[in-house]
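The residues of the chain are indexed from 1 along the displayed sequence. Scope of the values below: all heavy atoms of this structure, side chains included, with no hydrogens, waters or symmetry mates.
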Amino acid sequence: MATLNDMGYKKVFVSLDGTEQQDKVLERAIVVAANNNAELIIGHVIDSTILETSGSYPTDLIPGLDKAFRDSIAGLVAKAEANPDIPKVEVQVKTGRIRETLKEEMLDVVKPDLVLCGARGLSSIKYALLGSISTFLLRNTACDILVVK
């Protein structure tokens with residue numbers, strides 16, 4: 001039987017999508033990580049399917065998209081890094097198809113105890129065609145998932 005000390009989260013992964021909701025999701029992840037004295041890994045996937053639809057893969061755009069994402073969260077990353085209750089903060093930005101890249105290149109490697117993500121506001125048509133990242137995570141990860149609304 002697990003003791004209470006074994007039941008805390010040691011690695012918290014937060015999946016951010018670049019929308020205006022991401023600050024709220026990241027703020028929640030910072031609080032959860034601090035409350036658990038957990039490492040905080042911040043992940044973002046630059047969606048290559050959008051880049052691929054142009055016919056050629058414009059790899060020269062990726063450094064700018066990476067920098068724009070990192071700049072958008074810089075203030076909250078600094079806040080997390082300054083928190084003495086969070087032993088480590090890491091930002092990972094990868095390029096690829098969102099679901100596969102998130103699972104195979106991030107979550108399968110990091111092996112977090114908890115994943116936080118936002119409840120993305122897709123239209124009902126897009127949701128029917130694409131599903132949601134939160135639903136994908138619920139079905140494809142072995143750890144707890146917290147969907148921030």
Side-chain angles (χ1 to χ4, degrees), residues 9-127 129-149:
Y9 300 117
K10 295 299 168 210
K11 278 189 185 177
V12 173
F13 184 97
V14 58
S15 176
L16 300 179
D17 61 5
T19 63
E20 64 280 348
Q21 187 193 21
Q22 81 177 4
D23 285 358
K24 181 179 176 183
V25 177
L26 182 51
E27 286 170 354
R28 178 67 55 93
I30 291 168
V31 169
V32 170
N35 286 348
N36 286 277
N37 279 72
E39 294 179 20
L40 177 62
I41 300 97
I42 301 162
H44 175 66
V45 179
I46 298 169
D47 188 0
S48 67
T49 57
I50 294 169
L51 301 174
E52 290 165 1
T53 57
S54 66
S56 65
Y57 195 86
T59 54
D60 55 323
L61 291 178
I62 293 168
L65 295 171
D66 184 311
K67 182 180 181 326
F69 171 75
R70 289 176 190 272
D71 289 350
S72 75
I73 62 168
L76 287 172
V77 169
K79 177 181 173 182
E81 290 172 335
N83 190 317
D85 295 323
I86 302 175
K88 178 181 172 188
V89 178
E90 181 183 340
V91 178
Q92 295 185 1
V93 180
K94 307 271 186 192
T95 303
R97 294 174 187 261
I98 293 175
R99 287 168 179 75
E100 293 87 344
T101 304
L102 181 60
K103 170 114 175 58
E104 296 165 12
E105 295 183 33
M106 297 173 133
L107 299 176
D108 288 352
V109 174
V110 170
K111 297 183 179 6
D113 306 304
L114 174 68
V115 176
L116 284 86
C117 64
R120 200 164 167 183
L122 294 175
S123 70
S124 56
I125 292 172
K126 283 184 183 175
Y127 182 81
L129 295 174
L130 302 173
S132 71
I133 295 300
S134 55
T135 301
F136 172 80
L137 290 170
L138 283 168
R139 291 181 178 152
N140 294 284
T141 56
C143 66
D144 293 349
I145 308 293
L146 175 60
V147 180
V148 179
K149 292 181 120 185

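The closest donor-acceptor contact from the side chain of Lys111 to the backbone of Asp108 lies under 3.5 Å. Formation of a donor-acceptor pair under 3.5 Å by the Asn36 side chain with backbone atoms of Ala38 is not found in this model. Between the His44 side chain and the Leu16 main chain, a donor and an acceptor come within less than 3.5 Å of each other.
Side-chain contact annotation: Gln92 with Glu90, donor-acceptor N/O pair under 3.5 Å present.
Annotation: side chain of Cys117 is in contact with side chain of Leu137 (closest heavy-atom distance under 4.5 Å). A heavy-atom distance below 4.5 Å is found between the side chains of Lys11 and Val110. Side-chain contact check for Val45 versus Glu105: every heavy-atom pair is 4.5 Å or farther apart. Inter-residue side-chain proximity for Val91 and Ile73 is flagged as met; some heavy-atom pair is nearer than 4.5 Å. With contacts defined as side-chain heavy-atom distances shorter than 4.5 Å, the pair Ile98/Thr101 does not qualify.
Here the closest non-hydrogen pair linking Cys143 and Pro112 is CB-O, 3.4 Å.
Residue pairs meeting the side-chain hydrogen bond (donor to acceptor under 3.5 Å, both in side chains) criterion with at least one member in residues 137-149, sequence neighbours excluded: Tyr9-Asp144. Note on residues 70-80: pairs passing salt bridge (Lys or Arg N to Asp or Glu O under 4.0 Å), not counting sequence neighbours, are Asp66-Arg70, Lys67-Asp71.
Interatomic distance, Phe13 CZ to Leu107 CG, rounded to the nearest 0.5 Å: 5.0 Å. With rounding to the nearest 0.5 angstrom, the CD1 atom of Ile86 is 11.0 Å from the CD atom of Glu39. Rounding to the nearest 0.5 Å gives a distance of 14.0 Å between OG of Ser48 and NZ of Lys94. In this structure, the separation between CZ on Phe69 and CD1 on Ile42 is 7.0 Å, given to the nearest 0.5 Å. In this structure, the separation between CD1 on Ile145 and OG1 on Thr135 is 10.5 Å, given to the nearest 0.5 Å.
For Glu27, the side-chain contact (heavy atoms from CB on, under 4.5 Å) test picks out Leu76, with sequence neighbours left out.
Salt-bridge annotation for Asp47 and Arg97: absent, with no side-chain N of the basic residue lying under 4.0 Å from a carboxylate O of the acidic one.
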